[in-house]
Amino acid sequence: MDSSDFTESMLDQLPMERFWDIPLYQWDGFWYRSYHLQATMALRSQYIARDDDIILASPMKTGTTWLKALCFSILQKDGNAARLNGEMVGKTEEDDPRHIRDPLVDNHPAVYVQTLEVQVFTAKPPPDVSAMESPRLFHTHLPYTALPDSIKTSNCKLVYITRNPKDTFVSMWHFFNKLRTPEQGPYPFEQAFESFINGVSHFGPFFDHVLQYWNQSLKSPNKILFLKYEDLKKDPKGEVKKLASFLGKPFNNEKEVEDVIWRCSLERLKNLEVNKNGIDPWVGMQNSAFFRSGIVGDWKNIMSKELSERLDQITRQKFKDSGLHLEI
């Protein structure tokens, strides 16, 4: 299939499987919903990367919203500092900077960091992203091989986040169940599990997706920063400092680090009014669906020992000799 041309009739030429009763189509080894695939083709033919672009990437349900909030806040922090300096007249250095109006209070992080193949290039016609001011900050769920060539060959930076596959799958199961009616009830867990380990999920196979970015990050560590959700949970200060330095926005002091971590914390975001009651206009789901537990090891509350051991074995097999280890 030519990346510059896509029609609905072309779907008939592609393998199709169902995931949560949603038809997914396989193109170049990965699975897509039809409109995501159409947007991907438009993206590949129209998007021209700039050297100062920042592209966030992730499989589904691996910390995407958290990463969006963190990167947006890091890029905004100089503006926050300038506003703070003005507001601090007559105040002591100990005054808490958290009273500054935060854009995350007004909108879900996805409004500020839009996903290229879900939000930007599904619009008809797509917006003119060439008119946007630099630096542009976007996100994608696409595998590395599906990215536009200009992203790969330019000096733009990519930040990738992933998560252990057991928590990824369980988070995905809870998320897609939000699309089901009370009468339908939750999608059968074991059936969803079989689809996941067979690679049939949105932008899956999960393991191939992770390995593509992992291998590229080893080849080009100055271009691709590879993050693990578990590391962010375990050492938020260290990981957020590393992220800010990679983005060319290092922190000036510990208070700045603590402020960004606080602004983007799951507990704060999930309790903001916009995320408790707002609705994502692109996906048609409540914003609250993007904030659940965020706990490492939450899979233990639902996954059987048998399924856990199966997924552990598959994980070890898939990542064998890669040098990559995800907490399992």
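Since we're looking at a predicted model, the values are computed, not measured. FYI, the numbering just counts along the sequence from 1.
- Looking at heavy atoms from C-beta onward, Leu56 lies out of side-chain contact with Thr64 at the 4.5 angstrom threshold.
- A side-chain donor from one of Glu117 and Thr140 sits under 3.5 Å from a side-chain acceptor of the other.
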### Message
Under the criterion side-chain contact (heavy atoms from CB on, under 4.5 Å), I'd like the reasoning laid out for Val274 against Val105: C-alpha separation, chi angles, the key distance, then a yes or no.
### Response
CA-CA 7 Å; Val274 68; Val105 171; over 6 Å; no

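- Within the 4.5 Å cutoff, the side chain of Cys71 has no heavy atoms near those of the Val113 side chain.
- A salt bridge is absent between Lys249 and Glu256: the closest approach of a Lys/Arg side-chain nitrogen to an acidic carboxylate oxygen does not fall below 4.0 angstrom.
- Partners of Tyr25 by ring pair (Phe, Tyr, Trp, His ring centres under 6.0 Å), not counting sequence neighbours: none found.
- Counting heavy atoms from C-beta on, the side chains of Tyr229 and Val296 come closer than 4.5 Å.
- Side-chain contact between Leu269 and Leu266: absent, with no pair of heavy atoms (C-beta onward) separated by less than 4.5 Å.
- When the side-chain contact (heavy atoms from CB on, under 4.5 Å) test is applied to Asp231, the partners found at least two apart in sequence or on another chain are Lys228, Glu239.
- Pairs engaging residues 233-254 under the ring pair (Phe, Tyr, Trp, His ring centres under 6.0 Å) rule: none recorded [sequence neighbours left out].
- Grouping the Ile, Leu, Val, Met, Phe, Trp and Tyr side chains by contacts below 4.5 angstrom, directly or via other members, places Val129 apart from Ile48.
- Judged as a side-chain contact (heavy atoms from CB on, under 4.5 Å), and not counting sequence neighbours, the contacts of Pro15 are Gln26, Trp31.
- Note: Phe30 CZ to Thr40 OG1 = 12.0 Å, rounded to the nearest 0.5 Å.
- Neither side chain, Lys270 nor Ser265, offers a donor N or O lying under 3.5 Å from an acceptor on the other.
- The aromatic rings of Phe193 and Phe189 sit parallel to each other, their planes meeting at less than 30°, with 60° as the upper class boundary.
- With hydrogens and angles disregarded, no donor-acceptor distance shorter than 3.5 Å links the side chain of Ser220 to the backbone of Asn222.
- Annotation: side-chain hydrogen bond (donor to acceptor under 3.5 Å, both in side chains) contacts involving residues 200-210, sequence neighbours excluded, comprise Tyr160-His209.
- The aromatic rings of Phe206 and Phe196 sit tilted, their planes meeting at an angle between 30° and 60°.
- The two residues Arg18 and Ser195 make their nearest non-hydrogen contact at O-OG, 4.2 Å.
- Trp173 places a side-chain heavy atom less than 4.5 Å from the side chain of Ile302.
- Ring-plane geometry between Phe72 and Tyr112 is classed as parallel, the angle between the planes falling under 30 degrees on a 0 to 90 degree scale with a further cut at 60.
- Taking 4.0 Å as the cut-off between side-chain N and carboxylate O, Asp259 and Lys255 do not count as a salt-bridged pair.
- Between Gln114 and Lys68, every side-chain heavy-atom pair lies at or beyond the 4.5 Å cut-off.
- Taking the side chain as every heavy atom from C-beta outward, Arg163 and Leu326 never approach each other to under 4.5 Å.
- Between Met60 and Thr168, the shortest heavy-atom contact is O-CG2, 3.5 Å.
- With rounding to the nearest 0.5 angstrom, the OG atom of Ser171 is 11.5 Å from the CD1 atom of Ile295.
- Qualifying side-chain contact (heavy atoms from CB on, under 4.5 Å) partners for Asp21, counting only residues two or more places apart in sequence or in other chains: Arg180, Tyr187.
- Taking every heavy atom of both residues into account, Tyr32 and Ala146 meet most closely at OH-CB, 3.6 Å.
- With hydrogens and angles ignored, the 3.5 Å screen pairs a side-chain donor or acceptor of Ser154 with a backbone N or O of Cys156.
- The number of heavy atoms from other shown groups lying within 6.0 Å of NZ (Lys223) is above 12.
- Contact of the Leu104 side chain with the Asp106 side chain is not registered, since no non-hydrogen atoms from C-beta on lie closer than 4.5 Å.
- For the pair Leu147 and Leu142, the tightest heavy-atom approach, listed with the atom from each and the gap, is CD2-CB, 4.3 Å.
- His141 and Thr115 form no side-chain donor-acceptor contact under 3.5 Å, judged by distance and modelled atom types alone.
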